[in-house]
*Asks:* 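A single structure is presented below for examination.
Residue numbers start from 1 in every chain, and the chains themselves are labelled A, B, ... in the order their sequence lines are given, proteins ahead of strands. Atoms considered below: every heavy atom in the structure, side chains included; atoms not considered: hydrogens, waters and symmetry mates.
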Amino acid sequence: MSAPGSLSTLWLIVRHEARILVADRTLPLVCCVLALMIGYGLFVGLAQATLRDRMVTEVLKHEQETQEKNIRTLQSVLTGKETLVPFSNPANPAALAGSLSGRHSTIPNAPLAALAIGQSDMMPNYYRITYLSKVQFMYDTEIENPWNLLSGHFDLAFVIVFVLPLLVITLGYNLLSAEREQGTLRMLCSQPVTIATLLTGKIIVRMLALMAIAVVLPLTALLVIRPETRDAGQLLLMLSWSGLVTAYTLFWFGAAALVNVTGRSSSTNALIMVAIWTLLVLILPVMMNLIVCVTSPAPSRTELASRTRAVTAESLREYEDLYSADYRYATDPEALLVKDGHIEVPSRMRAFFLAKRKVDEQVEPLLKRFDQQLLQQQTLVDRMSFLSPAILVNEAMNSISGNDSRRYLAFKNQTEAFHNLWRAHFSPKIMEDRAMTTHDVASLPQWHWAEIPAGETNWSIAWRTALILALALAIGGLALARSQHSPKG
Amino acid sequence: MFAIIAAKDLRELTRDGRLLWAGVLVVVLMLTAIAVGWNRHSQVSNERSAGQALDYDAWLGQGYRHPHNAAEQGMHVFKPEPPLAIVDPGIEPFVGSTVWLQAHRQSELKFRPAQDATGLQRFGTLSPAWVLQVLIPLLVIVIGFNAMSGERERGTLRQLLSLGVPVRSLLLGKALGLASCVAIVIAPAGLVLAIIAVASLSPGERLDAVYRLTWLVAGYALYLGFFIFLTLAVSALVRSSRAALVLLLGFWVAATLIAPRSASEAANMLYPTPSRLEFDQHLAHDMGAAAGESWLANFGVRTQWDPSLPLSKWGAALKVDDEAGYGVLDKNFGSLWDTFERQQRAQQWIGLVAPVVALRGFSMGLAGTDFAQHRDFSTAAEAQRRTIQDIISKDLIEHADPLGNAHFTYKAGPELWVTVPRFNYQLPPVSFALAHHWPSLALLAVMFCLSVALARYAFSRPLMR
């Protein structure tokens, strides 16, 4: 058959198929269901992203206000208008290093956060930075009903990873078997058309309809609702997201085609497709989670708790003298005043500062082990994810939305570094009883979130997309090749 | 008569590839889940009970120090994992297990296992409960969708009815056939579990575990029974096997996959969970207000470290401060936890269309891994913290306050530490779980009866289509 002829045949099949699918209401129904779910998933994602945005804004506002208030208070303390107890006096470096400064580390939403909730319902997007030990603030988690965490969210990633393949199966389980059962396949075969062309035409119609909803709808909505998505980097990410969804859908259509060319009945095809779906989307991820947890288990948290207790006890013993020194600030207000740039830091507060630092020095290597283990698990997941396209897509979608484990781990690491910096900044002041000046208060260490390199994310998304696409093409190709020998009814 | 039908169906199904493949897969999954779960469980339990004992020893052996510093070291308490967590881990991966009881503040339980896991955790945890809740209904559908429609399509139904087989026997026989397939597939795992329960638990625990297992069996029997009768009903009602299969699969997807997620999103909209920021700000504000009030009432001052409050009142002040906080903590944490429970109760109603939601609550409740039992532990841990605090402030008032500015030079010794009791937490008994979850069981029973009624109706007119 010549190329133009085959193209026009294909076009004929596409038109004919579209007419049938619209007439028997399958396609409109499936499209409606998909549109509803995509809309709802996007709504859930947007709600979560908005909530997280608001939290960061509020934290930053609070920080700004506290800073201004501290400067005002400090001015009135320095001019002698006010005497304050050590805990609320911004001239006291130990107090400012503590909760008085209201310093936080924050991680902003990635612009495409609404595309997948990922880990954002569990991982905090801000930590409160004080001189306290890491064990006192780094274990914080987002508040969420554990039942809901267990159920999972109805976000866009869920709709794409779990539901979209099911809709593909609905549209594709009887691509050929229906024709065969209705007796129309014989008639078609008597025409100058190959089964491969027939299959391609049927899949094109279905693909186009699904993609028009699954890809175009959410991306358009995002572009309209969230202006920050309109730059080149984000557009590139959106493009890879579209590629991902298309490749994943193609994979499932390919599988449907392959099952169809074996010449079994529609019921059997449906059974086989559901079995494949169950295996790839439900069982394999759960099995792999199990394998990852067994082969690369996290270190024991119980041991960490016991170690923390021992280290705390040690540090209490070490600074015992400072802890139990006399405390005379209640009866001797003179001791609270700033004199030639110096202020008396109560020895108990100094003891706290030193003891917490000591605890961290001892515990940090242990905490590092947890992070390393998590990274190792993640590497393992990356390596094994080619076993199931569902995992590939899920991981890639989490990366695109910026709600993946890696980004939160980076946030944790940067927070830990900032916490050390914060402590180092105050250490000489506390040890030498130096009073804070207004300039000091205005120029406290600033938190800056350094976004993880875009190249790395893009690369990890690109190879996943490529892998799924390759899988889809391989399966599709196999189906088309086998179609020549397919039973004709 | 129905036994003959069941035996014939069973023989047919065992010759068919569907049951063999699916059955082997299910058995492998279940046994793996139990093996891994049991291994992890014994490791975690040993660690936690050892940690708990060590912690108390350290508390007793801390030597002489100021009691407030002792409260700084505090005490760790570890949540014991119920033995049946290997059947259904429930919310365990998503709640903490450890709480550090320190001065001043109640805190959430820390260390959620899901935080030490990758995003894969969110696909689910392999457990016998997951297999029973999600995969077995699928198995029932896959092997049972053509139980009646197949007979009709082959023309054997007419023959059967011409022999005068009563409809009731036909229904019972078909149901029994399907049920025996399910039983064959589940039996190995059940056997292993029973052996574990008998062999490794202490006699007291064993009785409780057996009760719990019995109730679990009842719950799952109703749930799977629902699917069996529903499958038979649909198979008898619709025109063709293909239609029956598509309908049943659609229901399965909607009921086990989509409904739980939509339910939890809907409940979240109905009773919104506060963000961490909101909760913390609210708590801090209430704490401040309550403390301020009691400072004013007790000492006539506004702030904790007011210069007019001498250090000879420090212990007394601490006591006032703590006690002012108790009510606020109870209120704030209480309302957060009430919100969680309200969300869950709201979701129970979804059980009327998707029985898996009702079953999940019931199953984790009976396994001891639901939120009510988590809350029970959190409350016990907080009570222990308050006991420590009260003992310490009492001691400070008696011994440190008279020292004036030398307040912090006071050192208490082992005789004080020993007055703090060991933290002994007993897992709530099975009656606790039943009191919380009987509505779910009732719901499952209703659903089961409805499905039986539907199947009876469908079977009463087998040749009408």
Side-chain angles (χ1 to χ4, degrees), chain A residues 44 51 55 58 85 87 118-119 122 124 139 141-152 154 158 162 166 266-267 270-271 274 278 285-290 292-294 298 300-302 305-306 309 312-313 316 323-328 330-331 333 348 370 374 377-378 381 398 404-405, chain B residues 36 47-48 51 54-55 58 62 65-66 69 72-73 76 78 91 94-95 98 110-112 114-124 126 134 138 142 241-242 245-246 249 253 257 260-262 264-265 268 273-277 279 305 307 309-311 340 343-344 371 405-409:
Chain A
V44 168
L51 180 77
M55 279 162 75
E58 256 180 68
V85 294
F87 281 112
Q119 300 284 73
M122 209 162 54
Y139 304 154
T141 46
E142 196 46 71
I143 291 181
E144 173 63 291
N145 187 348
W147 171 281
N148 294 350
L149 289 175
L150 178 68
S151 306
F154 200 107
F158 164 72
F162 284 82
L166 288 168
S266 291
S267 294
L271 277 182
V274 166
T278 310
V286 170
M287 274 310 267
M288 266 168 53
N289 182 33
L290 191 79
V292 168
C293 290
V294 169
S300 159
R301 287 286 184 183
T302 312
S306 300
R309 191 229 322 119
T312 309
L316 278 170
Y323 269 114
S324 50
D326 280 7
Y327 188 92
R328 59 197 171 76
T331 48
R348 231 179 124 71
F370 282 91
L374 188 58
Q377 290 188 352
Q378 190 61 52
V381 172
N398 283 347
D404 53 330
S405 315
Chain B
V36 173
E47 256 181 27
R48 289 190 191 162
L54 271 177
D55 205 86
Q62 61 184 323
R65 64 167 58 133
H66 188 272
N69 295 352
E72 181 77 14
Q73 173 181 327
H76 277 95
F78 303 96
I91 59 166
F94 298 101
V95 291
T98 309
K110 302 287 196 250
F111 305 146
R112 306 178 184 187
Q115 273 185 297
D116 289 331
T118 59
L120 270 192
Q121 177 74 45
R122 313 308 285 280
F123 276 93
L126 180 66
V134 179
L138 181 63
V142 165
S241 294
R242 197 192 97 179
L245 181 66
V246 171
L249 287 178
V253 167
L257 194 74
R261 289 187 193 238
S262 340
S264 75
E265 294 294 353
N268 215 354
T273 311
S275 70
R276 181 163 67 105
L277 186 69
F279 180 78
W305 294 93
L309 189 72
L311 218 56
F340 288 172
Q343 287 178 350
Q344 197 179 332
F371 186 73
N405 278 355
H407 179 103
F408 289 108
T409 56

*Asks:* Judged by modelled atom types alone, do Ser300(A) and Glu47(B) share a side-chain donor-acceptor pair under 3.5 Å?
*Replies:*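 Ser300(A) vs Glu47(B): donor-acceptor pair found between side chains.
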*Asks:* Would you mind telling me which of Gly124(B), Pro260(B), Gly51(B), Pro274(B) has the largest number of heavy-atom pairs within less than 4.5 Å of chain A?
*Replies:*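 Of Gly124(B), Pro260(B), Gly51(B), Pro274(B), Gly124(B) has the most heavy-atom pairs under 4.5 Å with chain A.
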*Asks:* Of the listed residues (Ala270(A), Pro124(A), Ala305(A)), which shares the most heavy-atom pairs with chain B below a 4.5 Å separation?
*Replies:*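 That would be Ala305(A).
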*Asks:* With chain A, which of Val134(B), Val36(B), Val95(B) has the greatest number of heavy-atom pairs at distances under 4.5 Å?
*Replies:*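 Highest number of heavy-atom pairs under 4.5 Å: Val36(B).
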*Asks:* With Ser241(B), which residues qualify under side-chain hydrogen bond (donor to acceptor under 3.5 Å, both in side chains), at least two apart?
*Replies:*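 For Ser241(B), the residues satisfying side-chain hydrogen bond (donor to acceptor under 3.5 Å, both in side chains) (neighbours in sequence not counted) are Ser149(B), Glu153(B).
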*Asks:* Can you tell which part of Asn148(A) gets under 4.5 Å to a heavy atom of chain B, answering side chain, backbone, both or neither?
*Replies:*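 For Asn148(A), heavy atoms of backbone and side chain both lie under 4.5 Å from chain B.
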*Asks:* Based on non-hydrogen pairs under 4.5 Å, which of Gly118(A), Ala313(A), Ala298(A) is most in contact with chain B?
*Replies:*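 Option with the greatest count: Ala313(A).
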*Asks:* Considering only heavy atoms, which portion of Thr98(B) lies under 4.5 Å from any heavy atom of chain A: side chain, backbone, both, or neither?
*Replies:*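 Contact with chain A involves the side chain of Thr98(B) alone.
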*Asks:* Chain B heavy atoms under 4.5 Å from Ser405(A): which part of the residue, side chain, backbone, both or neither?
*Replies:*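 Interface part for Ser405(A): side chain.
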*Asks:* Heavy-atom cut-off 4.5 Å, strictly under: side chain, backbone, both or neither for Leu126(B) against chain A?
*Replies:*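 Looking at Leu126(B), backbone and side chain both touch chain A.
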*Asks:* Where does Leu290(A) contact chain B at under 4.5 Å (heavy atoms): side chain, backbone, both or neither?
*Replies:*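 It is the side chain, since no backbone atom gets that close.
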*Asks:* Report the residues that fulfil side-chain hydrogen bond (donor to acceptor under 3.5 Å, both in side chains) with Arg301(A), sequence neighbours left out, ordered by chain and then residue number.
*Replies:*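 Asp116(B).
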*Asks:* Is there a side-chain contact between Met122(A) and Phe94(B) in this structure, where contact means two heavy atoms from C-beta onward sitting under 4.5 Å apart?
*Replies:*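 The answer is yes; the side chains approach within 4.5 Å.
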*Asks:* Can the positive tip of Arg122(B) be found less than 6.0 Å from the middle of the six-membered ring of Phe158(A), inside 45° of the ring normal?
*Replies:*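 Judged by the rule (NZ or CZ under 6.0 Å from the ring centre, within 45° of its axis), Arg122(B) is not positioned above Phe158(A).
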*Asks:* Minimum heavy-atom separation for Thr273(B) and Asn145(A), please, with both atom names.
*Replies:*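 Shortest heavy-atom contact: CG2-N, 4.5 Å.
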*Asks:* Would you compute the distance between atom CH2 of Trp147(A) and atom CD1 of Ile91(B) and round it to the nearest 0.5 angstrom?
*Replies:*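 The distance works out to 9.5 Å.
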*Asks:* Can you tell me if Ser306(A) and Asp55(B) form a side-chain donor-acceptor pair at under 3.5 Å?
*Replies:*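 No - no donor-acceptor pair under 3.5 Å links their side chains.
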*Asks:* Given side chains that start at C-beta, do those of Phe123(B) and Met287(A) come closer than 4.5 Å, heavy atoms only?
*Replies:*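 Result no, sub-4.5 Å side-chain heavy-atom pair not found.
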*Asks:* Which bit of Val253(B) is near chain A, if near means a heavy-atom gap under 4.5 Å: side chain, backbone, both or neither?
*Replies:*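 Val253(B) touches chain A through side-chain heavy atoms alone.
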*Asks:* Heavy-atom distances under 4.5 Å only: say whether Ser151(A) touches chain B with side chain, backbone, both or neither.
*Replies:*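 Answer is both: backbone and side chain atoms of Ser151(A) are under 4.5 Å from chain B.
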*Asks:* Please classify the contact between Leu245(B) and chain A as side chain, backbone, both or neither, with a heavy-atom cut-off of under 4.5 Å.
*Replies:*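 Only the side chain of Leu245(B) comes within 4.5 Å of chain A.
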*Asks:* Would you kindly say whether Asn69(B) and Arg348(A) are connected by a side-chain donor-acceptor distance under 3.5 Å?
*Replies:*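 Yes - a donor-acceptor pair under 3.5 Å links their side chains.
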*Asks:* At a 4.5 Å cut-off on heavy atoms, which part of Tyr139(A) comes close to chain B: side chain, backbone, both, or neither?
*Replies:*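 Its backbone and side chain both get close to chain B.
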*Asks:* Among Leu150(A), Val274(A), Thr312(A), who wins on heavy-atom pairs under 4.5 Å with chain B?
*Replies:*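 So the answer, after comparing Leu150(A), Val274(A), Thr312(A), is Leu150(A).
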*Asks:* I'd like to verify something: which residue of Gln377(A), Met55(A), Gln378(A), Arg309(A) has the highest number of heavy-atom pairs under 4.5 Å with chain B?
*Replies:*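 That would be Arg309(A).
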*Asks:* With a 3.5 Å cut-off and no angle check, do the side chains of Gln343(B) and Ser264(B) form a donor-acceptor pair?
*Replies:*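 Not at all, the side chains of Gln343(B) and Ser264(B) share no donor-acceptor pair under 3.5 Å.
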*Asks:* Checking Ser262(B) against chain A: side chain, backbone, both or neither under 4.5 Å from a heavy atom?
*Replies:*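 Both backbone and side chain.
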*Asks:* Non-hydrogen atoms of chain B under 4.5 Å away: do they reach the side chain of Leu166(A), the backbone, both or neither?
*Replies:*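 Side chain only.
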